[in-house]
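What you see is a predicted model; the values in this text were computed from it and never measured.
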Amino acid sequence: MNIVSWNVNSIRAWLRNVRTDLGQPRLRLDEIFARLDADIVCMQETKLACRNDQLEDELLHVPGYEAFFHTCTSSKGRSGVVTYARTGCTLAASPDVAVQKFDEEGRVMQTDHGSFVLFNIYFPNAGEEESNRLAFKLEFYEHIQVMCERLVAS
């Protein structure tokens, strides 16, 4: 199984610029996934400010793949993750970590693939300008660790 993880820093901008060579037409998601030979593609920092019913068809419907989005609901165009998995290899998907302040930032997509569970996570930053975010970041890390420990114990 080939799993690819990619921080795209805005999926729409990234898609506009993905090309094989300068001057060539941009690649579609299915072409990118084929070149990567990817069974699962996890993207972080998608910066989508929409509900699934408002997303472009190209993002929602990639031939041969299912898409699982978690978008930020607290601030437009921030954070967000998406997991694309080959059709039929995902048994269940959940964006919830059961803490509202984390869930509303759209930072996690958990997918169950039978023999393993995959967490696609865009971890919070606590840069110099966002010093009040350090406590948030550390609490998020601790919560994710507890989730993983419970999963391993079950």
Side-chain angles (χ1 to χ4, degrees), residues 1-15 18 28-30 32-33 36-154:
M1 173 139 325
N2 190 9
I3 301 171
V4 175
S5 181
W6 202 332
N7 182 314
V8 293
N9 190 18
S10 177
I11 193 169
R12 288 184 178 116
W14 175 79
L15 271 174
V18 176
R28 297 183 322 266
L29 279 175
D30 60 322
I32 296 165
F33 295 174
L36 294 171
D37 189 29
D39 296 301
I40 300 172
V41 178
C42 300
M43 295 181 177
Q44 305 84 36
E45 202 174 2
T46 57
K47 297 185 179 181
L48 295 171
C50 311
R51 298 185 321 264
N52 282 5
D53 62 348
Q54 297 174 322
L55 293 174
E56 296 92 335
D57 189 62
E58 179 182 13
L59 295 175
L60 281 174
H61 303 106
V62 178
Y65 289 84
E66 296 175 278
F68 306 97
F69 289 87
H70 193 189
T71 58
C72 180
T73 59
S74 63
S75 181
K76 186 177 180 179
R78 183 174 173 170
S79 305
V81 296
V82 60
T83 300
Y84 290 97
R86 285 201 193 271
T87 303
C89 82
T90 304
L91 303 177
S94 174
D96 299 322
V97 296
V99 177
Q100 182 180 351
K101 67 182 177 181
F102 299 147
D103 287 337
E104 66 187 14
E105 288 202 7
R107 293 185 171 275
V108 178
M109 179 54 68
Q110 177 183 342
T111 50
D112 182 347
H113 302 276
S115 59
F116 66 95
V117 173
L118 178 67
F119 286 88
N120 179 8
I121 303 174
Y122 176 50
F123 285 94
N125 187 1
E128 293 176 27
E129 296 176 15
E130 298 186 53
S131 60
N132 61 332
R133 295 282 288 176
L134 180 59
F136 179 91
K137 174 183 177 175
L138 295 175
E139 188 179 347
F140 181 86
Y141 279 35
E142 184 176 335
H143 186 74
I144 296 298
Q145 181 177 354
V146 168
M147 283 181 61
C148 291
E149 289 169 352
R150 285 182 185 154
L151 184 64
V152 168
S154 64

Using atom types as modelled and distance alone, determine if a side-chain donor or acceptor of [X] lies under 3.5 Å from a backbone N or O of [Y].
X: H143; Y: V97; result: yes
X: R107; Y: Y122; result: yes
X: N7; Y: E45; result: no
X: D96; Y: A98; result: no
X: T87; Y: G64; result: yes
X: D39; Y: I3; result: no

Which pair of heavy atoms, one from [X] and one from [Y], lies closest together, and at what distance?
X: A93; Y: M109; answer: CB-SD, 4.1 Å
X: L59; Y: A67; answer: O-CB, 4.1 Å
X: V81; Y: I121; answer: CG1-C, 4.4 Å

Is any side-chain heavy atom of [X] less than 4.5 Å from a side-chain heavy atom of [Y]?
X: K47; Y: N9; result: yes
X: F119; Y: L151; result: yes
X: N120; Y: Q44; result: yes
X: Y84; Y: I32; result: no
X: M1; Y: H113; result: no
X: L29; Y: M43; result: yes
X: F102; Y: E139; result: yes
X: D30; Y: Y65; result: no

ask   = Is it the case that N125 and K137 place a side-chain donor and acceptor less than 3.5 Å from each other?
value =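 No, no side-chain donor-acceptor contact under 3.5 Å.
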inquiry  = Between Q110 and T83, does the side chain to side chain contact (heavy atoms under 4.5 Å, CB included) criterion hold? Intermediate values first, please.
reply    = CA-CA 9 Å; Q110 177 183 342; T83 300; over 6 Å; no
request  = Give a yes or no on whether E104 atom CD has more than 12 heavy-atom contacts from other residues, nucleotides or ligands under 6.0 Å away.
outcome  =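 Yes, enclosed.
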message = Would you say that more than 12 heavy atoms from the other residues, nucleotides or ligands in this model lie under 6.0 Å from the CD of E149, or not?
response =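 Check passes, neighbour count above 12.
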